[in-house]
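To start, the structure under review is shown below, and the notes come after it.
Note that the coordinates shown come from a computational prediction; the quantities given were computed from them, not determined experimentally. For reference, positions follow the sequence shown, starting with 1.
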Amino acid sequence: MIAEHTTDVLVVGAGPTGLLLAGDLAEAGLSVTLLEARPHKISNLSRALVVHARVLEQFDARGIADEVVKLGHPINRLQLFERGQLNPSRLPSRYPFVLFIPQYEVERVLERRARAAGVTFAYDTKVVGLEQDPNGVTARAVPGKDADPNGPSTTYHASYLVGTDGVHSSIRQAIGLPFPGKSILSSLILADLKLEQAPDRPFTVNAVPDGFALLTEMGDGFHRLTGWNRHHQLPDDAPLDVEEIKELLRLNFGTDYRVTEVRWKSRFHSDERQAPAYRVGRVFLAGDAAHVHSPAGAMGMNTGLQDAANLSWKLVAVLRDGADDHLLDTYQTERHAVGKIVLRMSGMLVRAALLHGSAARLLRATAGTILSNVRPLADKAASMISGIGIAYKAPRGAHKLTGRRAPDLRLAEGRLNELQRGGRFVLITPAGQHADAPVPDQVVRAHWTGDRRTTALVRPDGYFCWATDKPNAEAALQAALTTWAGPPPSLRESRRRLR
C-alpha cells in the first residue's frame, strides 16, 4: 500500500532547527509537512543547553522570546579557563546575557508554535528514498526507523525539501553529499546530576592538564556536566558509571560536590564536519545535517536555528511572493560561510581546553588575562560567540549597512523586532519622508526617530539587505524589493497570467 501527500515544503527532522523552519513557513501561509523518524516524545535528556543573544532576537521577531527567557536562567558573566572571562552584559542587544535553558524546553515552545500555525506532523516516519526534478521533490517514507524500507510506504510530493535530520542525515546521504571532517574528541561525558553541595555559580568551567569540565545549573535541582578525562578514552557504547563521573568532577574542581543522583548519563565523541553544499537542486540542509562541531561555545543549536531563520523567509519569497528561485542560492552563500566561522571558533576553544604542559597552559592563562582586560577584544569575542557580530558579505559598492545585523531599532512606529513579526520586511525611511515605490504587502513602512537620512530595507531575519543615503533612489529601491521580497503585486499577477 502506498499513500500519497502533497505539500509546499517537506521538512525532515523535528529538532529545534526543523521546528523553527516549519513554523515560519506555516505562519506565512504555506502548507508544511514535518517528518520525524523518532516517536513523538520531547526528551528531557538533550545535549544543548544554551541560547545566545542573536537567537533570542530571532525569537523576539516571532513573539516567543519572553516565554523562552522565563523558562531559562540568564547569565551575564562567563568564566573561561584560568583567567579568561566574557561579559555578555555589554552586548548591544535587548538580550545582553547567555540564556541557560535545556533544548527540550526550546523544542516545546517551537513545537507549540508550529502546531498552532498549521504544520502537519508525521512522527515515527523515516525517509528511505528521494527523487527530484526541476518541478519538485518526491520522498518515500516508511513507518518507523526500523521498518522494512521496501515495505508499505507513504509518498510525499513537495516543491522543496529541507533536511534538518541531524549529523547522520538520511537526506544528506540521499542527495549524495559527503560530510568531510574528523573526530576531534572521543569519550566526552554528559550527565545530569543532583548535587548535595552545589557550586556557588550557575556556570562553572575549568581545564586541567588531563581534562576539562563544565557544570551548568539546569533549574530543576539538577546540574548538567560536560567534560573529558584524558585517562578515560573509551568507545561511545562503553559503560559510564557514577565513580567515573565523580572522578571527572574531582579532577577539574577538586570536589565531586557529593553527587546524590544521576538522572541521565552518556558518552559520545565530537566531530568537526561540514557539507560542501547546503543546497542541491530543490533540497536543502540545515543544522547538524549541514555542519557539526565541538560543544565549545555552545553554538551548535544556535547556528542551526539561524540557518532556519535565514532559509524560511527565502522559501516564502519564492513560493508565495514570486521572487526568483536564485534568491535561494544566497542561503548557501551566506550560511556556509557562517558554518566555517563557527567551526573555526569552536575548534579554537576546544583546542585551548586541551592544551597540555605548563608552558602551553601559561600561554592560555596569559591570553585569558589579555582577553578579559582588553575590552575591545573581549567584546568582539562575546559578539561573535553570541552571533551578534555575524554579518553576511555584501556586494562590491554596497552601502556599509548591507549584510549587517539590524539591531532592535526604536523606530517611530515601534521596535524593529515587533514590526518584523509575521515574517515581514521593514522599509525604514527618514522622518517625514514616504517612499513612492509600491511595496508588497509583506513590507512594513517605518521611519527613523532622529534626523538620519538613510533609507534601508531590513529582511525578515533581521539583516539589512539594501540601503542608501542618496535621495530619490526609487528605482534602486524597487529593484531591491523585487530581488529580496518579490515583484510588486501588479507584476506578480501579470506573471501568473503568462504562466
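Annotation for E131: atom CD does not count as buried by contact number, only 12 or fewer foreign heavy atoms lying within 6.0 Å. Counting non-hydrogen atoms of other residues, nucleotides and ligands closer than 6.0 Å to CG of N472 gives a total of 12 or fewer.
Remark: A174 pairs with L130 by the side-chain contact (heavy atoms from CB on, under 4.5 Å) rule, at least two apart or across chains. The side-chain hydrogen bond (donor to acceptor under 3.5 Å, both in side chains) test applied to Y331 returns no partner, not counting sequence neighbours. K265 pairs by the salt bridge (charged side-chain N to carboxylate O under 4.0 Å, His left out) definition with nothing, not counting sequence neighbours. With sequence neighbours excluded, the residues that form a side-chain contact (heavy atoms from CB on, under 4.5 Å) with R452 are L401, W448, T454. Partners of D469 by salt bridge (charged side-chain N to carboxylate O under 4.0 Å, His left out), not counting sequence neighbours: none found. Listed by chain and number, the residues in a side-chain contact (heavy atoms from CB on, under 4.5 Å) with R410 are R94, R415 (sequence neighbours excluded). Shown here are the salt bridge (charged side-chain N to carboxylate O under 4.0 Å, His left out) partners of R405, two or more places apart in sequence or in another chain: E57. The salt bridge (charged side-chain N to carboxylate O under 4.0 Å, His left out) test applied to R113 returns D24, E27, not counting sequence neighbours. By the side-chain contact (heavy atoms from CB on, under 4.5 Å) test, T402 is found to be paired with A394, P395, A398, H399, residues two or more places apart in sequence or in another chain being considered.
For the atom pair SG of C465 and CG of L457, the computed distance is 3.5 Å after rounding to the nearest 0.5 Å. Between H5 atom NE2 and T154 atom OG1 the span is 5.5 Å, to the nearest 0.5 Å. A distance of 5.5 Å separates CD1 of I428 from CG of L416, quoted to the nearest 0.5 Å. Separation of atoms CG (L99) and CD1 (I75) is listed at 8.5 Å; rounding is to 0.5 Å. In this structure, OG1 on T455 lies 7.5 Å from CG on L477, to the nearest 0.5 angstrom.
Side-chain atoms of Q306 and R54, non-hydrogen and from C-beta on, do get closer than 4.5 Å to each other. At a threshold of 4.5 Å between non-hydrogen side-chain atoms, the residues L35 and Y156 count as touching. Residues V11 and T33 fail the side-chain proximity criterion, which asks for heavy atoms closer than 4.5 Å. Using a 4.5 Å heavy-atom cutoff, the side chains of R279 and L328 are in contact. When side chains are defined from C-beta on, V106 counts as touching V51, because their heavy atoms get closer than 4.5 Å. At least one side-chain heavy atom of E107 sits less than 4.5 Å from a side-chain heavy atom of L19. Residues V119 and E111 have side chains not in contact (no heavy-atom distance under 4.5 Å, counting atoms from C-beta outward). Side-chain atoms of I101 and L49, non-hydrogen and from C-beta on, never get closer than 4.5 Å to each other.
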**Request:** Evaluate side-chain contact (heavy atoms from CB on, under 4.5 Å) for T125 paired with V142, printing each intermediate quantity in order.
**Result:** CA-CA 6 Å; T125 303; V142 296; over 6 Å; no

**Y160 and D325: CA distance, side-chain angles, deciding distance, side-chain hydrogen bond (donor to acceptor under 3.5 Å, both in side chains) verdict** = CA-CA 11 Å; Y160 295 96; D325 178 84; 2.5 Å; yes

**Asked** Would R224 and T216 satisfy side-chain hydrogen bond (donor to acceptor under 3.5 Å, both in side chains), going step by step from the backbone distance to the final call?
**Response** CA-CA 5 Å; R224 164 68 55 81; T216 309; over 6 Å; no

**Message:** Please determine whether side-chain contact (heavy atoms from CB on, under 4.5 Å) holds for the pair V342 and H293, giving the CA-CA distance in whole Å, both sets of side-chain angles, and the decisive distance to 0.1 Å.
**Reply:** CA-CA 8 Å; V342 173; H293 45 79; 3.2 Å; yes

**Request:** Any chance you could lay out the side-chain hydrogen bond (donor to acceptor under 3.5 Å, both in side chains) test for H157 and T6, step after step, and finish with the verdict?
**Result:** CA-CA 5 Å; H157 304 284; T6 299; 5.3 Å; no

**Prompt:** What do the steps show when you test D408 against S93 for side-chain hydrogen bond (donor to acceptor under 3.5 Å, both in side chains), and what is the final call?
**Reply:** CA-CA 7 Å; D408 188 21; S93 171; over 6 Å; no

**Request:** For D461 and Q58, run side-chain contact (heavy atoms from CB on, under 4.5 Å): C-alpha distance rounded to whole Å, both residues' side-chain angles, the deciding distance at 0.1 Å, then the answer.
**Result:** CA-CA 7 Å; D461 59 349; Q58 300 283 7; 4.2 Å; yes

**Request:** Show the numbers, then the answer: is there a side-chain contact (heavy atoms from CB on, under 4.5 Å) between D8 and L315?
**Result:** CA-CA 10 Å; D8 288 327; L315 286 167; over 6 Å; no

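In this structure, a donor-acceptor pair under 3.5 Å is absent between the side chains of H447 and Q433. Looking only at atom types and distance, the side chain of D321 has a donor-acceptor partner in the side chain of Q442 under 3.5 Å away. In the model, H269 has a side-chain atom that pairs as donor or acceptor with a side-chain atom of D236 under 3.5 Å.
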Show me the donor-acceptor pairs within less than 3.5 Å that the side chains of residues 384-391 make with the rest of the protein, sequence neighbours left out.
{"residue": "S386", "atom": "OG", "partner": "A382", "partner atom": "O", "Å": "3.0"}
{"residue": "S386", "atom": "OG", "partner": "S383", "partner atom": "O", "Å": "3.0"}
{"residue": "S386", "atom": "OG", "partner": "I388", "partner atom": "N", "Å": "3.2"}

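The nearest pair of heavy atoms linking S159 to V137 is O-CG2, 4.2 Å. The two residues V316 and A28 have their closest heavy-atom pair at CG2-CB, 3.5 Å. Here the closest heavy-atom approach between residue G15 and residue E36 is recorded as N-OE1, 4.4 Å. Considering every non-hydrogen atom in both Y392 and R459, the closest pair reads CE1-NH2, 3.4 Å.
The aromatic rings of F97 and Y95 sit perpendicular, their planes meeting at an angle over 60°, well past the 30° parallel limit.
Between the side chain of R320 and the main chain of L25, no donor-acceptor pair closer than 3.5 Å is present. The closest donor-acceptor contact from the side chain of Q274 to the backbone of H336 lies under 3.5 Å. Within the 3.5 Å criterion, the main-chain N or O of V458 finds no donor-acceptor partner in the side chain of W484. Remark: the backbone N or O of R273 is not paired with any side-chain donor or acceptor of D271 at under 3.5 angstrom.
Every pair tested for salt bridge (charged side-chain N to carboxylate O under 4.0 Å, His left out) that includes a residue from residues 380-389 fails, sequence neighbours excluded, so the list is empty. Residues in residues 299-315 take part in these salt bridge (charged side-chain N to carboxylate O under 4.0 Å, His left out) pairs, two or more places apart or across chains: D307-R335, K314-E334.
With F59 as reference, L110 is the one residue of V69, D66, L110 to meet the side chain to side chain contact (heavy atoms under 4.5 Å, CB included) rule. T17 pairs in a side chain to side chain contact (heavy atoms under 4.5 Å, CB included) with only one of the listed residues (D165, T303, V162, T164), which is T164.
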